[in-house]
**Q** 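Structure incoming, see below.
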Number of protein chains: 4
Amino acid sequence: MSLGISIAPASDIPIFRQIIQQIQQAVALGRLQVGEQLPAIRVLAETLVINPNTVARAYQDLIRDGILESRSGRGVFVSQKRQVFADAERQRRLRQATEQLCHEAILLDFDLPQVRHTLEETWSDLKESAVPTSPDAKESLP
Amino acid sequence: MSLGISIAPASDIPIFRQIIQQIQQAVALGRLQVGEQLPAIRVLAETLVINPNTVARAYQDLIRDGILESRSGRGVFVSQKRQVFADAERQRRLRQATEQLCHEAILLDFDLPQVRHTLEETWSDLKESAVPTSPDAKESLP
Amino acid sequence: MSLGISIAPASDIPIFRQIIQQIQQAVALGRLQVGEQLPAIRVLAETLVINPNTVARAYQDLIRDGILESRSGRGVFVSQKRQVFADAERQRRLRQATEQLCHEAILLDFDLPQVRHTLEETWSDLKESAVPTSPDAKESLP
Amino acid sequence: MSLGISIAPASDIPIFRQIIQQIQQAVALGRLQVGEQLPAIRVLAETLVINPNTVARAYQDLIRDGILESRSGRGVFVSQKRQVFADAERQRRLRQATEQLCHEAILLDFDLPQVRHTLEETWSDLKESAVPTSPDAKESLP
DNA sequence: GTGGTCTAGACCACG
DNA sequence: GTGGTCTAGACCACG
């Protein structure tokens, strides 16, 4: 739908985490704007044919992390974006994630050009799923 | 200690998987050479203050992936490197590892050039620190 | 029971390996189809009167080889068939299995024509008894 | 030595079993004749650079199975050959071993010609190792 | 001494 | 309900 969330039931990534990832990405990529409302738990659960508890869990985690916020009686919204991590911390985390990829790649006997290529391919695949403008479904910020 | 394996009990990564990662890294970087013997299960378990079964589980998994091999009654050794996985499977695993990096990077608000740069930097750092393969690291019989 | 798994506790083959073999056979012969769900660990353990951990171990190994897959919170399923191993590795495994047969045959005083004949006979028997792949054997959600 | 036994220390087959297999084969292939004497335990152990207990274990098992016999004070000899299994039992065992190979092969996606070819190759390799004279007993990694 | 298998049972994550 | 991880401890096979 407008959110474009899709889940892979056979994936080894838990469903609630797949939802979290996709919402995080949508926010990071600007596809979900600050203040925008998310689909109601039951609606999204029905759309994805999954258990409502699973959606609730995902929303709950995102609220706890300050990415979404619940406005009682009205629904769940994208909250004011805030930079959670200091720059040094961001760098540290990126570096660590990159090291993990490198270790796996070396073990699988890939070389740098192959890894770089896969990175660029994967990155644009993820970007592609992010359509530039999200025209509707806004509510004024408090 | 010579192996330098350490575990973070509070991490969300299971202990046996932390051990696997660190041994894989040691092998990938040449800190563990082909034919070299690993610490006995009970010894490593005592060092890390965890249950021997947990170490055994890690060793088992590495044996199944062809990275280690068990010689009955004598111990566990780094096995001759061989290509276990089909190309499609290697690609699949590389792709999955890359996706993890991308998810993290997007979440941290990095863009592609920054990630690519970190990749290249990290890759050469790892390659530089890698120990060259020694011609004969063989089992010494007592 | 629908799976028809049975174990011989007195056998010198470990229980978890007996389970693996029988599930592999069922998949190879099409008695277990892609997407089909396996009995819950605790259920199969109760049926076979063994410890759940032993069943879990068998399932784990089959998951690692790409034959089964776990969908978190829902159960274990037969996964889409894919080529996990490189050609050299496939050859290695075939060769090893063949050596076992030859050792046994030589020990039993058979000669090559007799073994070859038994191979051809057994092969066509198995192929005949194989269940054809059904187009859609999918998970049925309760 | 004259026996031509070689062991692969890195193999996943226990050493004592490797010895058993090779002696059984030598007897089945006529390379070791009825009444022929085997090397003393200590001699063979020294030749293969393994623990004497391991050789003793192998000899013990072969004696228990009636393939060798110990003549006190003089050594261990190939015993009068006797057909241990009835024909039906031989057939049954051959058939079962063949089925195991077929299951593995099907799972690895081989077809009959490939399996037949590997069988013939493996068989002649084993036969070949039964050259009347074997100059040296090597222990070496491939 | 080495690793491999199995049991019993706890506790957690996911849906 | 489902599977996944970990501990504690027994017993066995191999060298």
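Since this is a predicted model, take the numbers as computed values, not measurements. Every chain is numbered from 1 and lettered A, B, ... according to where its sequence line falls, protein lines coming before strand lines.
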**Q** Apply side-chain contact (heavy atoms from CB on, under 4.5 Å) to residues A:Glu104 and B:Gln96 and explain how you reach the verdict.
**A** CA-CA 10 Å; A:Glu104 179 80 0; B:Gln96 191 178 303; over 6 Å; no

**Q** Taking DNA chain E as the partner, which of residues 52-65 of chain C come within under 4.0 angstrom of it by heavy atom?
**A** C:Asn53, C:Thr54, C:Arg57

**Q** Which pair of non-hydrogen atoms, one from D:Ile5 and one from D:Gln22, has the smallest distance, and what is that distance?
**A**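 Nearest pair, atom of D:Ile5 first, then D:Gln22: CA-OE1, 3.5 Å.
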
**Q** What are the 5'-most and 3'-most nucleotides of DNA chain E lying under 4.0 Å from any heavy atom of chain C?
**A**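 Nucleotide range with atoms under 4.0 Å of chain C: E:dT5 to E:dG15.
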
**Q** DNA chain E in dot-bracket, Watson-Crick or G-U pairs under 3.5 Å, [ ] crossing, | other strand?
**A** ||||||||||||||.

**Q** Tell me the salt bridge (Lys or Arg N to Asp or Glu O under 4.0 Å) pairs involving residues 76-85 of chain B, sequence neighbours left out?
**A**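 Listed by first then second residue: A:Asp109-B:Lys81, B:Arg82-C:Glu89.
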
**Q** Give the C-alpha distance, both sets of side-chain angles, the deciding distance and a yes or no for side-chain contact (heavy atoms from CB on, under 4.5 Å) between D:Leu62 and D:Gln24.
**A** CA-CA 8 Å; D:Leu62 288 162; D:Gln24 283 180 328; 3.7 Å; yes

**Q** Just to be sure I understand the geometry, which residues of residues 11-20 of chain C put a non-hydrogen atom under 4.0 Å away from DNA chain E?
**A**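 Within residues 11-20 of chain C, the residues near DNA chain E are C:Pro14, C:Ile15, C:Phe16, C:Arg17.
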
**Q** DNA chain E: B:Val43 or C:Val49, which has the more 5' nearest nucleotide?
**A**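 Going by which nucleotide is closer to the 5' end, it is B:Val43.
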
**Q** Distance-only check: which donor-acceptor pairs under 3.5 Å involve side-chain atoms of residues 12-21 of chain C, not counting sequence neighbours?
**A**
from: C:Gln18; atom 1: OE1; to: C:Ala8; atom 2: N; distance (Å): 2.8
from: C:Gln18; atom 1: NE2; to: C:Ala8; atom 2: O; distance (Å): 3.0
from: C:Gln18; atom 1: NE2; to: C:Ile13; atom 2: O; distance (Å): 2.8

**Q** Determine whether more than 12 heavy atoms belonging to other residues, nucleotides or ligands lie under 6.0 Å from atom CD of C:Glu46.
**A** no

**Q** Taking C-beta and beyond as the side chain, do D:Val27 and D:Ile67 meet within less than 4.5 Å on heavy atoms?
**A**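 Yes; the side chains approach each other to less than 4.5 Å.
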
**Q** Please step through side-chain contact (heavy atoms from CB on, under 4.5 Å) for the pair C:Arg57 and B:Gln60, ending with a clear verdict.
**A** CA-CA 11 Å; C:Arg57 165 90 190 266; B:Gln60 276 298 338; 4.0 Å; yes

**Q** Would one find more than 12 heavy atoms of other residues, nucleotides or ligands at under 6.0 Å from atom CZ of A:Arg42?
**A**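 No, not enclosed.
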
**Q** Would you mind telling me which residue lines up with the more 5' stretch of DNA chain F, B:Arg42 or D:Asn51, judged by nearest nucleotide?
**A** B:Arg42

**Q** For C:Asn51, which of C:Val49, C:Thr54, C:Val55 qualifies under side chain to side chain contact (heavy atoms under 4.5 Å, CB included)?
**A** C:Thr54

**Q** What distance separates C:Phe77 CZ from C:Ile63 CD1, expressed to the nearest 0.5 Å?
**A** 11.0 Å

